[in-house]
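Quick one: this structure, given as structure tokens, is what I'll be asking you about.
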2 protein chains.
Amino acid sequence: MVETVERLIRSTQELLWERGYVGTSPKAIQRAADAGQGSMYHHFAGKAELAKAAIERSGAELRAAADVQLGGDGTAGERIAGYLEREREVLKGCQVGRLTADPDVIADPDLRAPVAETFAWLRGRLAEVVAEGKRTGEYPQTLDPERTAATIAAVLQGGYVLARAAGSTEPFELAVQGLIDLLPEATK
Amino acid sequence: MVETVERLIRSTQELLWERGYVGTSPKAIQRAADAGQGSMYHHFAGKAELAKAAIERSGAELRAAADVQLGGDGTAGERIAGYLEREREVLKGCQVGRLTADPDVIADPDLRAPVAETFAWLRGRLAEVVAEGKRTGEYPQTLDPERTAATIAAVLQGGYVLARAAGSTEPFELAVQGLIDLLPEATK
DNA sequence: GTCTATACTATGATAGAC
DNA sequence: GTCTATCATAGTATAGAC
């Protein structure tokens, strides 16, 4: 049996993903976690503290998932393409990126910190892979790893936005393929 | 003197931008617009109807602003770079893109429609400029206008996400410059 | 650790007077 | 067109019993 604390965190992750921080009430969390009022407030001081735990968990999951492709086998280009093209729940959006739209998350340093750290890590990890591609001669020496990394991360985050706007995964896929077209290809 | 209806719409635009649909209450709108309860409900059936008017207005503003650069003078590359690099309130995010994080906006066809139309228009407009660049020989014939347009729009939307996460405009600027680096340059 | 009771505010709206 | 009641529900907790 999963512990109450664990169920509370997981339910909060799910609700933050779907409805954001402002749109998620303690009552909804309790219902989803099948936990009582008293139980929730016994384990967490309030909504913010629980959200912090949930956001940290989501950030860790995002990093782990990204590292599957980025730290895998293959050339830099293959790993980046693999990361870009991996299966995603596009219409749900990014569980971490989504929180940047939430004014109360951005305003509270405790809540924004795990979001900031997650994307700082992702950009750093992508930059490493790009730099590696430069070392192996796959990418031209003129390519800037930090810039390119930010562009790659932005295409994914923006792809989610365009897909949700359209109610279709198509714009996401177009944006990703457009980026892959633009990235330098190793001369065969 | 600006009319009440106008003040209500403008205040709603501003609040939707800052706090989203879920985070914006009728009371907050009335306060911002300096309009009474009765006044607001006299002009609009409720929060959703007012939000629809505000979102349509914001969409129109986004289109007009984009067309300043995209429909201006210069080569395709210059106009796209001009659009990407124009002055923006990066840390506030995109007033239209922001709404895609709002579950109630995405769930209501009346509210999602203006968001969908705005980005469909933007991608189409960008694709036209890319196609024009192909015709003039500035861009290679292999470049896909729809994909490239989606990538450009995504970099901006994702750039906002990364910037708000970081609490700094830097990731936005890196992502934009990274994209400009990747876009084909006319052979001099 | 969990439950129920209680509290106080905000939300989103309607009704009827002016 | 605008104002002031009024209302039912939800949000976000705290207190104290079990």
Side-chain angles (χ1 to χ4, degrees), chain A residues 1-56 98-99 101-112, chain B residues 1-56 98-99 101-112:
Chain A
M1 177 226 174
V2 186
E3 287 166 37
T4 299
V5 169
E6 190 61 21
R7 288 204 316 279
L8 282 167
I9 292 177
R10 286 217 244 266
S11 297
T12 304
Q13 281 185 276
E14 201 57 41
L15 284 165
L16 287 180
W17 195 356
E18 280 170 25
R19 309 221 17 107
Y21 183 77
V22 170
T24 296
S25 68
K27 200 159 291 188
I29 293 169
Q30 293 152 26
R31 206 179 312 124
D34 196 25
Q37 193 102 322
S39 187
M40 187 195 119
Y41 282 101
H42 173 75
H43 294 293
F44 296 93
K47 177 176 156 176
E49 197 178 294
L50 182 42
K52 180 169 148 57
I55 297 171
E56 282 168 352
R98 198 233 165 281
L99 299 169
D102 234 305
D104 293 1
V105 170
I106 295 305
D108 182 340
D110 282 352
L111 295 181
R112 188 170 66 76
Chain B
M1 176 226 171
V2 186
E3 283 165 41
T4 301
V5 169
E6 190 61 20
R7 288 203 318 278
L8 284 166
I9 292 178
R10 287 216 244 265
S11 298
T12 304
Q13 282 184 275
E14 201 58 40
L15 284 164
L16 287 180
W17 194 356
E18 279 170 25
R19 309 220 19 107
Y21 183 77
V22 169
T24 297
S25 69
K27 199 158 293 187
I29 294 170
Q30 293 151 26
R31 206 178 313 125
D34 196 26
Q37 192 103 320
S39 186
M40 186 194 119
Y41 283 102
H42 172 75
H43 294 292
F44 296 93
K47 175 176 158 176
E49 198 179 292
L50 181 43
K52 181 168 147 57
I55 297 171
E56 282 167 352
R98 200 235 163 279
L99 299 168
D102 233 305
D104 293 1
V105 170
I106 295 305
D108 182 339
D110 281 353
L111 295 181
R112 189 170 65 77

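Numbers restart at 1 for each chain; the letters A, B, ... are given by sequence-line order, proteins then strands.
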Check your understanding: A/Tyr41 has a side chain; which of D/dT12, C/dC3, C/dG12 sits nearest to it?
Key ->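 It is D/dT12.
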Practice item. Respond yes when some side-chain nitrogen or oxygen of B/Ser25 is under 4.0 Å from OP1 or OP2 of C/dA10, and no when none is. Key: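 False: B/Ser25 side-chain N/O out of range (4.0 Å or more) of C/dA10 OP1/OP2.
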Check your understanding: Quick one: which of B/Ile55, B/Thr12, B/Leu16 gives a side-chain contact (heavy atoms from CB on, under 4.5 Å) with B/Leu50?
Key ->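 For B/Leu50, the side-chain contact (heavy atoms from CB on, under 4.5 Å) test succeeds with only one of B/Ile55, B/Thr12, B/Leu16, which is B/Thr12.
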Practice item. Report the distance from atom CZ of B/Phe44 to atom P of D/dG1, rounded to the nearest whole Å. Key: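 Those two atoms, CZ and P, are 12 Å apart.
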Point to revise | Upstream residue (5' side of DNA chain D) when A/Thr24 and B/Gly36 are each assigned their closest nucleotide | key: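 Whichever sits nearer the 5' end wins; that is B/Gly36.
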Exercise for review: Inspect the contact between B/Arg10 and B/Glu14 and indicate whether a charged nitrogen and a carboxylate oxygen are less than 4.0 angstrom apart.
Suggested key: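 B/Arg10 and B/Glu14: not salt-bridged.
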Exercise for review: Starting from the C-alpha separation in whole Å, work towards a yes-or-no answer on side-chain contact (heavy atoms from CB on, under 4.5 Å) for A/Asp104 and A/Leu111.
Suggested key: CA-CA 8 Å; A/Asp104 293 1; A/Leu111 295 181; 5.7 Å; no
Check your understanding: Any side-chain N or O of A/Thr4 under 4.0 Å from OP1/OP2 of C/dT2?
Key ->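 For A/Thr4, the contact criterion (side-chain N or O under 4.0 Å from OP1 or OP2 of C/dT2) is met.
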Review point. Do any side-chain nitrogens or oxygens of B/Lys27 fall under 4.0 Å of OP1 or OP2 in C/dA10?
Key: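 For B/Lys27, the contact criterion (side-chain N or O under 4.0 Å from OP1 or OP2 of C/dA10) is not met.
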Point to revise | Nucleotide nearest B/His43 (side chain, heavy atoms from C-beta), chosen from D/dT12, C/dG12, D/dT2 | key: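 For B/His43, the side-chain atoms sit closest to D/dT2.
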Point to revise | Minimum-distance nucleotide (side-chain atoms of A/Gln37 versus D/dT14, D/dG11, C/dT2) | key: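 Ranking D/dT14, D/dG11, C/dT2 by closest atom to the A/Gln37 side chain puts D/dT14 first.
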Point to revise | Between P of D/dA13 and NE2 of A/His42, the distance in whole Å | key: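 It works out to 17 Å between those atoms.
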